[in-house]
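The chains referred to below are lettered A, B, ... by the order of the sequence lines, with proteins before strands, and numbering in each begins at 1. Here the structure is a predicted model, which is why all the values come from computation and not from measurement.
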Protein chains: 2
Amino acid sequence: MASLTDHIEEYIKKLLAISTRNYVEIQRADLARKFSCAPSQVNYVLNRRFSPERGYLVESRRGGGGYIRIYRIVHPQAETWKDAFREMLAGPFEPARAKQFLKRILEEKVLSRREARMMSILLQEEHYRGLSREESRELQKRLFQASMEAILKSSY
Amino acid sequence: MASLTDHIEEYIKKLLAISTRNYVEIQRADLARKFSCAPSQVNYVLNRRFSPERGYLVESRRGGGGYIRIYRIVHPQAETWKDAFREMLAGPFEPARAKQFLKRILEEKVLSRREARMMSILLQEEHYRGLSREESRELQKRLFQASMEAILKSSY
DNA sequence: AGGGCGAAGGTCAGTTAAGGTCAAAGTTTT
DNA sequence: AAAACTTTGACCTTAACTGACCTTCGCCCT
């Protein structure tokens with residue numbers, strides 16, 4: 001429904017689009033004032049919507065004259081998202097992170113909307129009814145990985 | 001005699017007809033209030049009356065600012081393979097038949113090669129090790145069906 | 001130099017606001 | 001009567017948001 005978070009995200013993305021550099025710099029308190037919210041709300045948005053999984057990098061400095069810089073990671077060099085993929089698969093599989101990842105590679109046009117939608121089906125818990133959480137995660141991981149790899153192999 | 005479900009269905013379809021986009025967005029609680037029913041009733045209507053089989057796609061988000069979006073999907077050449085799809089899903093699920101089906105719709109260009117490859121991953125027995133044959137088949141069926149529907153409904 | 005102060009930003013736990021699932025009970029159709 | 005469909009309520013998961021408290025940094029002032 002377009003929450004506050006959505007608005008702040010949109011605002012920052014607009015700033016990024018306008019910016020001549022590959023980043024924007026904001027003041028947390030300013031943003032919070034602009035949107036009449038708690039400063040920590042800004043951190044929330046940054047964590048959720050500008051995560052590395054989605055292709056962003058956030059840098060900041062505290063203290064007087066502090067700032068927050070948000071980088072759009074540019075041209076994935078064909079390697080970067082693959083790294084993200086590998087990293088996502090390291091450790092326990094988390095559907096939420098996989099979803100973030102999907103969103104990112106969709107934006108980067110690594111796959112089509114249809115393909116992304118199909119991949120996301122694999123992450124829907126409901127299909128795994130009857131299985132324990134562990135089994136379900138394990139399967140999701142296997143299928144997600146195998147599908148992704150299948151895509152990578154067939155280049156078009 | 002027009003049940004509650006009928007009314008809600010009708011209402012949503014009216015909204016869709018009016019909408020300038022190819023979807024409508026609702027709040028579950030609002031609808032429930034409007035029709036004085038349990039919120040879960042809305043899910044029921046969505047499941048029964050706005051299923052992919054009937055040409056709809058439902059998207060939602062939980063949490064604050066959550067929503068439910070209902071897309072009307074138009075798909076053009078549908079009918080031919082659609083019957084084959086239904087038939088394939090009738091009775092016990094057999095990966096071999098599913099593969100045949102894939103081959104066919106690939107030839108008919110309903111799917112891209114990449115998409116077909118992704119789909120075929122779901123049919124590979126190896127990913128389901130640890131599960132009984134029944135569980136495995138059940139899962140394959142669910143995932144295959146859901147993926148197929150997701151793909152076919154997102155032509156936009 | 002160094003201690004203190006104010007100005008950033010960071011964290012985290014807790015609250016609120018959605019939507020989802022499932023099974024049981026009630027209705028209608030066959 | 002059986003099968004299919006409808007309704008509801010109890011319980012669950014996820015996302016958004018806030019406030020209290022913490023850390024870091026620059027700039028004084030002595």
Spacing of A/R137 atom CZ relative to D/dT13 atom C1', expressed in whole Å: 11 Å
Rounded to whole angstrom units, what separation is found between the CZ atom of A/R28 and the P atom of D/dT23? 15 Å
Measure from the side chain of A/T5, starting at C-beta and using heavy atoms only, and say which of D/dC17, D/dT6, C/dT21 lies closest. D/dC17
I'd like to know if A/R61 reaches the base of C/dG9 with its side chain, counting only an N/O donor and acceptor under 3.5 Å. no
For the side chain of A/R62, starting at C-beta, report the closest nucleotide among D/dC17, D/dT24, D/dT14. D/dT24
Between B/Y71 and B/Y23, what is the ring plane arrangement, given parallel below 30°, perpendicular above 60°, and tilted in between? tilted
Would you call A/R117 and B/E59 a salt bridge, using N to O less than 4.0 angstrom? yes
5'-most by nearest nucleotide on DNA chain D - B/C37 or A/G63: B/C37
What's the shortest heavy-atom distance between A/I26 and A/V42, and which atoms? CD1-CG1, 4.3 Å
Does A/Y56 have A/R72 sitting over its ring (NZ/CZ under 6.0 Å from centre, angle to axis within 45°)? yes
Rounded to whole angstroms, how far apart are CG on B/N43 and P on D/dG9? 15 Å
Among C/dG19, D/dA16, D/dT8, the one nearest any side-chain atom of B/Q27 is C/dG19
Before you tell me yes or no, could you show the steps for B/D6 and B/S3 under side chain to side chain donor-acceptor pair (under 3.5 Å), namely the whole-Å CA-CA distance, both residues' side-chain angles and the distance that decides it to 0.1 Å? CA-CA 5 Å; B/D6 293 328; B/S3 63; 3.2 Å; yes
Just to be sure I understand the rule, does A/A96 reach a base, reach only the sugar-phosphate, or reach nothing, if contact means heavy atoms closer than 4.0 Å? nothing
Can a donor-acceptor pair under 3.5 Å be found between the side-chain atoms of A/S40 and the base atoms of D/dG19? yes
Here's one to test your reading of the geometry: is the NZ or CZ of B/R69 within 45 degrees of the ring axis of B/Y67 and under 6.0 Å from its centre? yes
Scan B/R69 against the nucleic acid and name what it touches under 4.0 Å (heavy atoms): base, sugar-phosphate only, or nothing. nothing
Examine D/dT6: is either OP1 or OP2 under 4.0 Å from a nitrogen or oxygen in the side chain of B/Y44? Give yes or no. yes
Rounded distance (Å) that lies between atom C1' of C/dG20 and atom CD of B/Q41: 15 Å
Spacing of A/L46 atom CG relative to D/dA15 atom C1', expressed in whole Å: 17 Å
How many Å lie between CG on B/N47 and P on D/dC5, as a whole number? 13 Å
Look at the side chain of A/S3 and decide which nucleotide, out of D/dC17, C/dA8, D/dC5, has an atom nearest to it. D/dC17
Name every residue in residues 118-131 of chain A that has at least one heavy atom under 4.0 Å from any atom of DNA chain D, in order of residue number, or write none if there are no such residues. none
Ranking D/dC17, C/dG19, D/dA15 by distance to the side chain of A/L4, first place goes to D/dC17
B/Y67 OH - D/dA15 P separation (whole Å): 11 Å
Assign each of B/A29 and A/I68 the nucleotide of DNA chain C bearing its closest heavy atom; nearer the 5' end lies the nucleotide of A/I68
In plain terms, say whether A/R54 and A/E108 are close enough for a salt bridge, that is, a side-chain N and a carboxylate O under 4.0 Å apart. no
Taking atom P of D/dA15 as reference, at what distance in whole Å does atom CD of A/E94 sit? 12 Å
Give the nucleotide from the list C/dG9, D/dG9, C/dA18 with an atom nearest to the side chain of B/A38. D/dG9
Which word best sums up how the rings of A/F85 and A/F144 line up, parallel for under 30°, tilted for 30 to 60°, or perpendicular for over 60°? tilted
